[in-house]
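Here's the structure, in structure tokens; my notes come after.
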Amino acid sequence: CSIGRKMDEVYKKQVDDIGGENKLWEIGDSDSVKHLMAYDEAFVSLLRHVKVLPIVRHFLKDYFVLNLQNGILNKPNVWNPASLWHRDLFFQHYTSSRPLSISALFSIDDFTAEMGGTYVLPGSHRHESFPSPEYAQRFEQQLVVKAGSVIVFDSMMFHRAGFNASSKVRRSISNIYTLPFIRQQISFPRVLQGKYSDDDCLR
């Protein structure tokens with residue numbers, strides 16, 4: 001689809017800008033497309049998706065910010081850093097009485113078992129530490145969804161990408177919304193230089 005092609009184009013530009021994909025591998029950031037909306041307006045519509053924002057508002061109330069918008073390229077037969085169990089609030093290991101962050105994961109391509117659809121560990125956002133590998137293996141659930149679907153969840157829930165055993169790239173886009181005291185991954189106002197400042201929602 002066109003948005004998938006645009007993701008590929010942004011990734012190629014970022015690889016060229018940094019001086020080669022090997023440099024991304026060195027820092028564990030390969031196959032991750034950063035801050036998509038700063039490169040193409042096609043990604044802006046996902047930020048205020050009409051079915052996502054009401055859910056975000058329900059849990060985070062009226063004032064929240066976009067922490068990041070990144071793309072994930074789950075390439076065939078290649079280990080991906082996202083294949084490790086992780087939370088979207090990286091390196092945070094605590095619980096809270098209400099959500100601090102909501103993730104919206106858009107499937108740009110089909111999530112199938114063969115293509116390594118995302119695994120989740122239900123209820124893990126309520127526990128500070130990761131359970132045993134045996135527990136994770138027993139209770140993990142793989143999400144099989146069609147392209148164009150969106151998966152919305154508490155960002156503190158442990159999840160991971162599956163192994164892509166197909167011949168095609170499985171692409172997805174992650175929007176992470178947080179309460180405003182959690183700092184953005186980068187300063188979007190600075191990057192966008194005032195763009196969208198006249199839009200109440202995007203501002």
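- Heavy atoms from other residues, nucleotides or ligands lying under 6.0 Å from CZ of Arg183 number 12 at most.
- In this structure, Arg170 forms a cation-pi arrangement with Phe111, its terminal cationic atom sitting closer than 6.0 Å to the ring centre and no more than 45° off the ring axis.
- Residue pairs meeting the ring-ring contact (aromatic ring centres under 6.0 Å, His included) criterion with at least one member in residues 26-49, sequence neighbours excluded: His35-Phe188, His49-Phe106.
- For Tyr63, the OH atom is loosely surrounded, since the number of other residues' heavy atoms within 6.0 Å does not exceed 12.
- Residue pairs meeting the salt bridge (Lys or Arg N to Asp or Glu O under 4.0 Å) criterion with at least one member in residues 60-86, sequence neighbours excluded, are Glu21-Lys75, Asp31-Lys75.
- Take Phe130 and apply the side-chain contact (heavy atoms from CB on, under 4.5 Å) test, not counting sequence neighbours, and it matches Trp85, Leu121, Ala136, Phe158.
- Applying the salt bridge (Lys or Arg N to Asp or Glu O under 4.0 Å) rule to pairs touching residues 126-142 yields Glu140-Arg160, sequence neighbours excluded.
- A 4.5 Å side-chain heavy-atom check between Thr178 and Val65 finds at least one atom pair inside the cut-off.
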Derivation of the ring pair (Phe, Tyr, Trp, His ring centres under 6.0 Å) call for His159 and Tyr119: CA-CA 5 Å; His159 57 286; Tyr119 285 87; over 10 Å; no

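- Defined by atom type and a distance below 3.5 Å, a donor-acceptor pair is present between the side-chain atoms of Ser101 and Ser155.
- Among residues two or more places apart in sequence or in another chain, the side-chain contact (heavy atoms from CB on, under 4.5 Å) test is passed with Val191 by Ala38, Ile186.
- We find that Asp110 and Lys168 are not joined by a salt bridge, their nearest charged nitrogen and carboxylate oxygen being 4.0 Å or further apart.
- Remark: Lys6 does not engage Glu41 in a salt bridge, criterion side-chain N to carboxylate O under 4.0 Å.
- Asp8 has a carboxylate O that lies under 4.0 Å from a charged side-chain N of Arg171, or vice versa, which qualifies the two as a salt bridge.
- Every pair tested for salt bridge (Lys or Arg N to Asp or Glu O under 4.0 Å) that includes a residue from residues 185-194 fails, sequence neighbours excluded, so the list is empty.
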